[in-house]
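All chains are named by letter (A, B, ...) in the order of the sequence lines, taking the proteins before the strands, and each is independently numbered beginning at 1.
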Amino acid sequence: MLRQNLLQEMGQIQRQFNQIFYGGGLAPMLARLTAPDTHEDACGGNQGRSQGRVAVNLREDAKGYYLEALLPGIEMEQLKLELTENVLSLSGAFNAEPLLDEEIAWHRRERPSGQFQRKIELPEDVDVEKVSADYHQGLLRVTLPKVPAAVPKKIAVQIR
Amino acid sequence: MRKQEIQAKPEAIDNQCAAGAETGYVRPLVDIYEAGDVMTLVAEMPGLDEAKLQVSVEQGILSIEAPFCSADEAPPQHREFVRRGYRCKFHLPEVFDAQGISATVKEGILSLRLPKAQAAQARSIEVTVH
């Protein structure tokens, strides 16, 4: 029963994140902006990380798209960032059990654990060859430059 | 990995943001567990500005504080989280040795090791059998 609920939840998340970039335009992203922010609990402590999901922010400017994801405590070898066709996939595992020989008495346990995966369909104008990523103190930043043709160029026109 | 000294009496934290706005605080998610004579507190602080992290013990209160200053850039068009500073406080029972606390920060995770004071540790008294 629990397992079934978990899988349903994951399915919902899958649909939700596929919508981020779906269709390539900003319209779906902007539509989501108008929805109330439901990702914070009363104390604001979960920072969009309920159910161990990966929270992402996305920004676009003339040169590219910039993705930020909260992924605290991930070993670099454990974090997988893959680009297949035009789908960016983030996967890995949160919060491995503490490896101690002694018996552990838990007093508080709030950190989510387990596997995560998030797939994001990229707009067509992403230059997949130039995607770069940086991970620092649990924050992943992925820079997705646009193909140069999509960057508007300013041409100085000389009038004689 | 970065190791930081716990200060018994911290100096005033530099809370002022040079650029951008100070964004307020959230409480980090924490795990607390006890193994043997050591209590471990693990706090998730993704996106932490480690230069601003302050851990202190004063009058039996353990404080963790790391302000965050928002970058001077356009807000994201799609937002699922808001980057904020982290702050939380815990009562530190006297059984813990404040001087013996050590802290490490790695990948946005703060780990505090809180050893119990010698006097508070359970002592086994050797019984001499004649």
Using the rule that Ile, Leu, Val, Met, Phe, Trp and Tyr join whenever any side-chain heavy atoms are under 4.5 Å apart, tell me whether [X] and [Y] fall into a single cluster.
{"X": "A:Val128", "Y": "A:Leu58", "value": "yes"}
{"X": "B:Leu110", "Y": "B:Ile32", "value": "yes"}
{"X": "B:Val38", "Y": "B:Leu114", "value": "no"}
{"X": "A:Leu83", "Y": "A:Val54", "value": "yes"}
{"X": "A:Val131", "Y": "A:Leu90", "value": "yes"}

Minimum heavy-atom separation for [X] and [Y], please, with both atom names.
{"X": "B:Glu80", "Y": "A:Val56", "answer": "OE1-N, 2.8 Å"}
{"X": "A:Pro112", "Y": "B:Leu29", "answer": "CD-CD1, 3.8 Å"}
{"X": "B:Gln77", "Y": "A:Glu60", "answer": "OE1-N, 2.7 Å"}
{"X": "B:Gly47", "Y": "A:Leu139", "answer": "CA-CB, 3.8 Å"}

**Item:** Side chain A:Gln137, main chain B:Gly108, donor-acceptor under 3.5 Å
**Value:**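 The answer is yes, because a donor-acceptor pair under 3.5 Å joins these two groups.
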Evaluate the side-chain proximity of [Y] to [X]: yes if any heavy-atom separation is below 4.5 Å, no if none is.
{"X": "B:Phe81", "Y": "A:Asn57", "result": "yes"}
{"X": "A:Arg109", "Y": "B:Val30", "result": "no"}
{"X": "A:Pro72", "Y": "B:Ile109", "result": "yes"}

**Request:** Name all residues meeting the salt bridge (charged side-chain N to carboxylate O under 4.0 Å, His left out) criterion together with A:Glu110; count only those two or more places apart in sequence or in a different chain, and write none if there are none.
**Result:**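 A:Glu110 satisfies salt bridge (charged side-chain N to carboxylate O under 4.0 Å, His left out) with A:Arg108, B:Arg27 once adjacent residues are dropped.
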**Prompt:** When you look at A:His107 and B:Met39, which way does the side chain to side chain contact (heavy atoms under 4.5 Å, CB included) test go after all the steps?
**Reply:** CA-CA 9 Å; A:His107 291 262; B:Met39 187 82 90; 3.7 Å; yes
**Prompt:** To the nearest 0.5 Å, what is the distance between NE2 (B:His78) and OH (A:Tyr65)?
**Reply:**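 Answer rounded to 0.5 Å: 14.0 Å.
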**Request:** Check each atom of B:Met45 against the heavy atoms of chain A and say whether the ones under 4.5 Å are side chain, backbone, both or neither.
**Result:**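 Backbone only.
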**Request:** Return the option, out of B:Leu41, B:Val42, B:Asp49, with the maximum number of heavy-atom pairs under 4.5 Å with chain A.
**Result:**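 Winner by heavy-atom pair count: B:Val42.
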**Prompt:** For B:Glu107, what residues pass the side chain to side chain contact (heavy atoms under 4.5 Å, CB included) criterion, not counting sequence neighbours?
**Reply:**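 Residues passing side chain to side chain contact (heavy atoms under 4.5 Å, CB included) with B:Glu107: A:Glu75, A:Tyr135.
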**Prompt:** Counting heavy atoms not belonging to A:Glu85, are there more than 12 under 6.0 Å from its CD?
**Reply:**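 Not buried by this count: 12 neighbours or fewer within 6.0 Å.
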